[in-house]
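Take a look at the structure below.
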2 protein chains.
Amino acid sequence: MLKPDNQEHTAACAHIGRMLARISDKWTLLVVQVLGRGPLRFNALRREVGEISQKVLASTLRELEENGFVSRTVTPVTPPQVEYALTDLGRDFLEPVRGLAEWVVANSARMDAARAAYARRRGHG
Amino acid sequence: MLKPDNQEHTAACAHIGRMLARISDKWTLLVVQVLGRGPLRFNALRREVGEISQKVLASTLRELEENGFVSRTVTPVTPPQVEYALTDLGRDFLEPVRGLAEWVVANSARMDAARAAYARRRGHG
DNA sequence: TATCTTGGTTTCCAAGAGGAACCAGCTTAC
DNA sequence: GTAAGCTGGTTCCTCTTGGAAACCAAGATA
């Protein structure tokens, strides 16, 4: 049994944890970031994202739709046309995501250096 | 074959993607966020993070160490004592991660509302 | 002697991710 | 007229990953 203070603290952290877990799987952040450049159709999005499989892109998009980050607009022409775009919530979310992406771009050299140093330590450790 | 412009563009995105993928698994961001409050030993960290298994926490920490975000300090006493702490790089990384966490805290109501709306649409759709 | 501690690793099983094939509904090519 | 191809998926199968639980060393404690 935890003290009330700790309980509150832990509950808040668990909440952050759940939300963070909901958005930080392998592809979600990347998809949000790509859609931040503009709406895209399924296969165009897939090409932009890179090596994602259809199945995983579909489920990632469904989850993003469920969380209210992206909208899915079907135009019943032939061939079918399904456009994915960020919602207001998704665009707001883009701000911290871009912060993350920019940090990654700015610091990838440091990350690579750290990996190299680790490999050296491990290599002749 | 892509045009040079696109190739450059795609290469940069792939790079962001790789880096983003490296840090955005289920637990990494959360562990970084928790360690941002101060160094912790393995089991203390595990209790703070919540429902993570030992195996996954161990591998998450190894990867964070590999990327240069956390340091691992072993004190050879008995029982063994292993302290994990953010490095300079990890502390720098904390800034965008906190941005994300704060956004999540500030907008969790909107996320929940979107989920509820989606469930309603699906419920009697 | 038996048990508890710490920080893991190993084992086993279920869940998830990925590749490939398939599908519908229409268009184009041969 | 029939075969192939486009779209946006779904289904099937496999392989990797995640999680629970057991095990481990090396001492402290009872």
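Letters A, B, ... are given to chains in the order of the sequence lines, protein chains preceding strands, and every chain is numbered from 1.
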For the pair made of CZ in Arg72(B) and P in dG7(C), what is the distance, rounded to whole Å? 10 Å

What pair of heavy atoms forms the shortest contact from Ala101(A) to Gln33(A), and how long is it? CB-NE2, 3.8 Å

Given atom CD of Gln81(B) and atom C1' of dG7(C), what is their separation to the nearest angstrom? 11 Å

Return the CG to CG distance between Leu57(A) and Leu61(A), rounded to the nearest 0.5 Å. 4.5 Å

If you measure from CG on Leu89(A) to CH2 on Trp103(B), what distance do you get to the nearest 0.5 Å? 4.5 Å

Could you list where the contact with chain A starts and ends along DNA chain D, reading 5' to 3', using a 4.0 Å heavy-atom cut-off? dC6(D) to dC12(D)

Would you say CD of Gln81(B) has more than 12 non-hydrogen atoms from neighbouring residues, nucleotides or ligands within 6.0 angstrom? yes

Estimate the overall bend of the helix from dT1(C)-dA30(D) to dC30(C)-dG1(D) from the end axes over five pairs each, rounded to 10 degrees. 30°

Tyr84(B) and Leu35(B), any side-chain heavy atoms less than 4.5 Å apart: yes

Using a 4.5 Å cut-off on heavy atoms from C-beta on, say whether the side chain of Glu48(B) contacts that of Leu40(B). yes

Are Asp88(B) and Arg110(A) within salt-bridge range, i.e. N to O under 4.0 Å? no

Note, Trp27(B) side chain near Glu63(B) side chain (heavy atom, < 4.5 Å): no

Out of curiosity, Thr28(B) OG1 to Asn67(B) CG, how far, rounded to the nearest 0.5 Å? 8.5 Å

Give the B/S/- string for nucleotides 16-30 of chain C, one per nucleotide from 5' to 3', where a protein heavy atom under 4.0 Å of the base yields B, of only the sugar-phosphate yields S, and otherwise -. -BBB-B----S----

Looking at dT9(C), I'd like to know if its phosphate oxygens (OP1 or OP2) sit under 4.0 Å from a side-chain N or O belonging to Arg62(B). yes

Going through the distances and angles, do Asp112(B) and Arg115(B) end up as a salt bridge (Lys or Arg N to Asp or Glu O under 4.0 Å)? CA-CA 5 Å; Asp112(B) 286 339; Arg115(B) 289 179 77 86; 5.4 Å; no

Look at Tyr84(B) and dG8(C) and indicate whether a side-chain polar atom (N or O) is within less than 4.0 Å of OP1 or OP2. yes

